[in-house]
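Contents: one structure, followed by commentary.
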Amino acid sequence: MIQMPKETGFLIEVDYRQNENDESVITAFFRTKTGLEQFFFPEFAPYLFAEKENAKTKTGLEKESFGEEGFSVRKIGEIQKSGKPFLKVFFKSTKELVIARDQLKKSGFSVFEFDIPFAKRFLVDSGLEPYTEFEFEFEEKNGQKNILKIAPQKTQSVFEPRIAAFDLETYSPGRFSNPQKDPILMIALSTPKSSTIYTTKKAAEKIEGVKVFAAEKEMLSGFLSDLAALDLDILVSYNGDAFDFPYLLERCHTLKLKAEMGFEKSEPSLKRRGLENAAKLKGIQHVDAYQTINLLSRFGAVNLVKKDLESVANDLFSANKKKITAVEINQIWDSEEGLEDLVKYNREDAEYTLRIITEYFPLLLELSKIIRFSLFDTCRASASQIIEALLLIKSAETSTVVPNKPESGEVQARLLQSMVGGYVKEPVPGLHENIAVLDFRSLYPSILVGHNISPDAYRGKANKESKGLNVSPDGDAFTKKPEGFFVSIVRSLLERRSALKAEYKKADKKDPATKLLFARQWALKIILNSFYGVLALAQFRWYSRECARAITAWGRYYVNHTVEEAQKAGFSVVYADTDSNFLVIPKGKTQEDVKQFVEKVNAKLPEAMELEIEDFYKRGIFVTKKDAKGGAAKKRYALMNYSNQLKIVGFEYVRRDWSGIAKKTQKAVIEALLAEGDPQKSIGIVKETIAALKRGSVPKKDLVILTQVKRKLDKYDSVGPHVAAAKKAVARGKEIEVGSVIGFIITKNGKSISDRAELEEFVKEGNYDAEYYIHHQVLPAVIRILNELGINEEDLQQGGKQSRLF
DNA sequence: TAATTCGCTAGACCGA
DNA sequence: TCGGTCTAGCGAA
């Protein structure tokens with residue numbers, strides 16, 4: 001017997017290519033001892049599932065010719081899916097599959113799973129988990145290494161990627177850089193060990209770490225060859241999808257240079273992803289840190305107000321990184337004064353970009369493994385893609401047919417049907433003491449599991465025969481057995497997460513492996529939190545109005561029920577929102593009574609569900625709405641626990657579209673109020689702030705209001721202050737992109753508020769409208785809070801008389 | 001290519 | 001110039 005060559009390596013990415021016979025062939029990149037190597041899986045062909053009633057379809061299909069060229073299917077298998085017979089129809093290429101799909105539809109077939117990307121299809125079917133270490137046998141054939149046998153290594157070593165980040169600085173003479181004309185001035189390339197700067201500026205020669213080249217073309221070649229020598233698994237950028245890669249590509253082409261950045265000197269490709277592009281490298285994972293930050297924000301893993309690199313670095317790492325503007329870069333470049341600052345800036349851009357990804361790498365990696373995506377795909381993934389990937393894997397494992405994406409008419413119909421969400425109880429306004437906050441752990445996922453909510457378990461609206469079924473408060477019935485498709489997935493996610501959390505709790509926090517545990521449970525949390533949302537997403541393959549409706553209906557039931565039970569047990573319930581209950585512990589009752597109450601509730605809940613005590617608070621405040629006839633405001637409150645930790649929810653303090661001065665003052669007022677329960681101090685705080693504003697001594701940075709520009713400036717029906725400020729800035733030559741967050745200040749010059757709004761950078765220190773900041777920022781932020789303690793606006797006017805209360 | 005609903009508030013806009 | 005209505009943004013869960 002011939003001994004086949006063996007190899008071990010980490011699976012980095014799966015892709016496919018058209019070979020010389022126009023066949024679609026799966027290729028996989030492995031990090032082996034030798035380096036990044038490409039292997040092939042030539043046996044795996046594209047396929048779809050077809051179904052047709054009452055017809056001997058198999059032999060007919062085999063003879064059928066498709067398309068203008070008249071090709072035929074490669075082979076046909078017969079398979080049971082979701083308990084029904086299907087034909088598994090294989091094709092030579094993805095291209096032929098697409099042509100045949102349309103023809104099959106026209107000739108009366110129902111077709112399924114025809115739009116699963118081929119590489120993802122392979123990862124699902126093969127069960128190969130990315131970034132895992134494999135052992136495999138292969139044969140070399142026509143210079144191509146074909147894998148014959150593959151299995152995960154018994155003992156896995158940790159995947160430690162070869163990683164680097166880069167960042168460009170470009171020339172922009174009085175306008176936005178144009179890659180056809182304006183050169184790249186500097187490139188920073190940063191690995192975990194060191195950073196190198198590439199430039200053409202002779203004067204930068206003496207600065208450490210700088211390589212100077214005769215011209216831009218030589219600089220780019222120098223950078224590209226150093227990059228290639230690094231032999232990377234991952235290349236990181238900050239917004240490289242939209243800027244660095246397209247710019248670099250264009251410059252290389254203009255200078256007649258090949259941008260050899262990917263595997264075997266391939267060029268990056270710009271792939272369309274919706275309205276935006278993604279820059280893809282062959283074999284090497286381009287991880288865009290900006291996209292990653294967006295992903296993490298969407299899933300609540302980070303909370304950032306602005307997403308430019310400076311703000312992110314400063315927020316995440318308490319860095320003190322200063323932005324050097326395009327104008328300043330030009331000045332430095334032309335005058336050669338401050339070159340060191342520019343070099344430092346460029347280097348830090350690359351270093352912080354790398355640091356962001358290093359920080360969140362364990363999380364990205366875990367997500368990638370769970371959903372079997374490459375890092376390139378994971379860092380750009382949406383909630384629906386993540387859940388879809390998971391359901392796809394489970395479908396393959398259980399031989400369940402995957403539902404097709406809805407057609408646009410169906411999507412429209414779904415959108416017309418609104419869905420009722422969580423229940424929010426109107427709070428009892430005022431200051432409360434001795435509060436216990438209870439919440440249901442992972443409420444929606446646990447309801448789904450607890451009541452077997454899944455499309456395959458749905459038995460329609462409840463009727464006389466619904467005995468023995470789980471009937472939701474909205475009347476939707478679900479069978480209790482067998483366990484539904486969604487349920488088995490969510491149950492296992494919940495169980496895995498709680499095991500990981502328990503393990504993490506016990507683990508040594510200094511051990512680096514503990515960080516992995518945490519990342520793992522976070523990855524699961526992200527998935528669990530998105531599960532409900534996508535069920536109600538009109539475009540989702542597994543959209544299920546019935547399941548979504550039943551989940552929220554039970555959610556409302558449990559929260560309401562807990563309110564009633566708590567009241568019966570002698571507590572007063574001051575607030576409740578979706579999955580939480582705020583109990584005031586009356587005189588004569590203790591925290592121990594709360595614990596007993598929670599135990600009693602838990603005893604009656606389905607096993608997957610659990611009510612937890614979030615914390616005890618010594619004081620809390622709820623306020624009346626501005627529109628007073630509406631009663632007390634929901635979703636805004638402040639609490640202080642027995643360690644004097646303040647929790648402010650929903651108030652201006654937590655909103656980015658309020659000025660620092662208003663937020664600081666509000667926080668100080670709340671703190672004084674909750675710590676001592678005495679309003680005296682608060683009055684003083686507000687008076688001082690008003691006095692400072694009137695003196696004109698409040699610094700610019702405390703006056704900035706941040707707002708996102710969510711559409712093109714000419715697309716606004718109503719021109720608010722931020723739009724007005726942005727328009728003025730654009731007229732002065734500033735570039736403002738859709739989606740960017742801008743900071744503006746209300747100045748003294750102009751009539752309406754919008755007239756007076758100017759971008760921060762165009763406002764001189766001291767030029768602000770004190771009246772605006774007093775009456776539209778500070779007072780609104782504090783007055784409704786102070787009103788609850790009997791203080792009104794007159795009490796706060798500077799030099800105003802002491803409140804009658806004192 | 002795409003997670004949801006519930007809720008608050010500011011400021012422009014518009015007609016009397 | 002007033003007050004109601006609408007647009008817009010952001011946060012809670």
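Within every chain, numbering begins at 1; the chains are lettered A, B, ... in the order of the sequence lines, protein sequences first and strands thereafter.
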Legend entry - Beyond-backbone contact of A/Met640 with A/Glu671, side-chain heavy atoms, under 4.5 angstrom: yes
Inset, instruction - Go through C/dA13, C/dC10, B/dT5 for me and flag the one nearest to the A/Asp657 side chain. - result: C/dC10
Legend entry - Exam field: side chain A/Asn239 to backbone A/Phe243, donor-acceptor pair closer than 3.5 Å: no
Inset, instruction - Check whether any side-chain nitrogen or oxygen of A/Arg656 sits under 4.0 Å from OP1 or OP2 of C/dC10, and answer yes or no. - result: yes
Inset, instruction - Considering just the side-chain nitrogens and oxygens of A/Arg711, establish if one lies under 4.0 Å of OP1 or OP2 belonging to C/dT7. - result: no
Legend entry - Touch class at under 4.0 angstrom, heavy-atom based, for A/Val723 against every strand present: nothing
Inset, instruction - Please determine if a side-chain N or O atom of A/Arg784 lies less than 4.0 Å away from the OP1 or OP2 oxygen of B/dT9. - result: yes
Inset, instruction - Measure from the side-chain heavy atoms of A/Arg636 and tell me the nearest of C/dG9, B/dT9, B/dG7. - result: B/dT9
Inset, instruction - Can you figure out which of C/dA13, B/dC13, B/dA3 approaches the side chain of A/Ala383 most closely? - result: B/dA3
Inset, instruction - Please determine if a side-chain N or O atom of A/Ser718 lies less than 4.0 Å away from the OP1 or OP2 oxygen of C/dA8. - result: no
Inset, instruction - Measure from CZ on A/Phe582 to C1' on C/dA13 and round the result to the nearest Å. - result: 11 Å
Inset, instruction - Answer yes or no on whether A/Arg380 is positioned over the face of A/Phe376, meaning its NZ or CZ is under 6.0 Å from the six-membered ring centre and within 45° of the axis. - result: yes
Inset, instruction - Indicate, with a heavy-atom threshold strictly under 4.0 Å, whether A/Gly421 touches base, sugar-phosphate, or nothing. - result: sugar-phosphate
Inset, instruction - Starting from C1' on B/dA10, measure out to CZ on A/Phe744 and report it in whole angstrom. - result: 10 Å
Inset, instruction - Please state whether the phosphate of B/dG11, meaning OP1 or OP2, lies under 4.0 angstrom from any side-chain nitrogen or oxygen of A/Tyr772. - result: yes
Legend entry - NZ or CZ of A/Arg711 within 45° of A/Tyr716 ring axis and under 6.0 Å: yes
Legend entry - Candidate nucleotides C/dC10, B/dA10, B/dT4, ranked by approach to the side chain of A/Leu537 - the nearest: B/dT4
Inset, instruction - Round to the nearest Å and state the distance from A/Asn277 atom CG to B/dT1 atom C1'. - result: 13 Å
Inset, instruction - Look at the side-chain N and O atoms of A/Lys625 and state whether any lies under 4.0 Å from the OP1 or OP2 oxygen of B/dC8. - result: yes
Legend entry - Below 4.0 Å: OP1/OP2 of B/dA2 and any side-chain N or O of A/Lys405: no
Inset, instruction - Figure out the CZ/C1' separation between A/Arg556 and B/dT4, and round it to whole Å. - result: 13 Å
Legend entry - Short side-chain N/O contact to C/dG9 OP1/OP2 from A/His722, under 4.0 Å: yes
Legend entry - Rounded interatomic separation in angstrom, taking CH2 from A/Trp554 and P from B/dT4: 23 Å
Inset, instruction - Could you state the atom-to-atom distance from CZ of A/Arg655 to P of C/dG11 in whole Å? - result: 6 Å
Inset, instruction - Output yes when at least one side-chain N/O atom of A/Lys634 is less than 4.0 Å from OP1 or OP2 of B/dG7, else no. - result: yes
Inset, instruction - Check whether any side-chain nitrogen or oxygen of A/Ser382 sits under 4.0 Å from OP1 or OP2 of B/dA2, and answer yes or no. - result: yes
Inset, instruction - Assign A/Trp658 to base, sugar-phosphate, or nothing according to its heavy-atom contacts below 4.0 angstrom with the strands shown. - result: sugar-phosphate
Legend entry - Any A/Tyr637 side-chain nitrogen or oxygen under 4.0 Å from OP1 or OP2 of C/dA13: yes
Legend entry - Whole angstrom value for the distance that separates P of C/dC6 from CG of A/Asp717: 13 Å
Legend entry - A/Arg101 bridged to A/Glu113 by N-O distance under 4.0 Å: no
Inset, instruction - Whole angstrom is fine here: how far is it from CD1 in A/Ile648 over to P in C/dC10? - result: 20 Å
Inset, instruction - Establish, with yes or no, whether the OP1 or OP2 oxygen of B/dT1 is under 4.0 angstrom from a side-chain nitrogen or oxygen of A/Gln539. - result: no
Legend entry - side-chain N/O A/Gln385 vs B/dA2 OP1/OP2, d < 4.0 Å: yes
Inset, instruction - Using a 4.0 Å heavy-atom cut-off across all strands, classify A/Tyr716 as base, sugar-phosphate, or nothing. - result: sugar-phosphate
Inset, instruction - Return yes if some donor-acceptor pair links the side-chain N/O of A/Asp377 with the main-chain N/O of A/Ala381 below 3.5 Å, else return no. - result: no
Inset, instruction - Would you kindly check if the NZ (Lys) or CZ (Arg) of A/Lys120 is within the cone defined by 45 degrees around the ring axis of A/Phe373 and under 6.0 Å from the six-membered ring centre? - result: yes
Inset, instruction - Kindly point out which of B/dG11, C/dG11, B/dT4 is positioned nearest to the side chain of A/Tyr532? - result: B/dT4
Inset, instruction - Quick one: label A/Tyr575 by what it contacts on the DNA or RNA (base, sugar-phosphate, nothing), any heavy atom closer than 4.0 Å. - result: nothing
Inset, instruction - State whether A/Ser754 places a side-chain N or O below 4.0 Å from either non-bridging phosphate oxygen (OP1 or OP2) of B/dA12. - result: yes
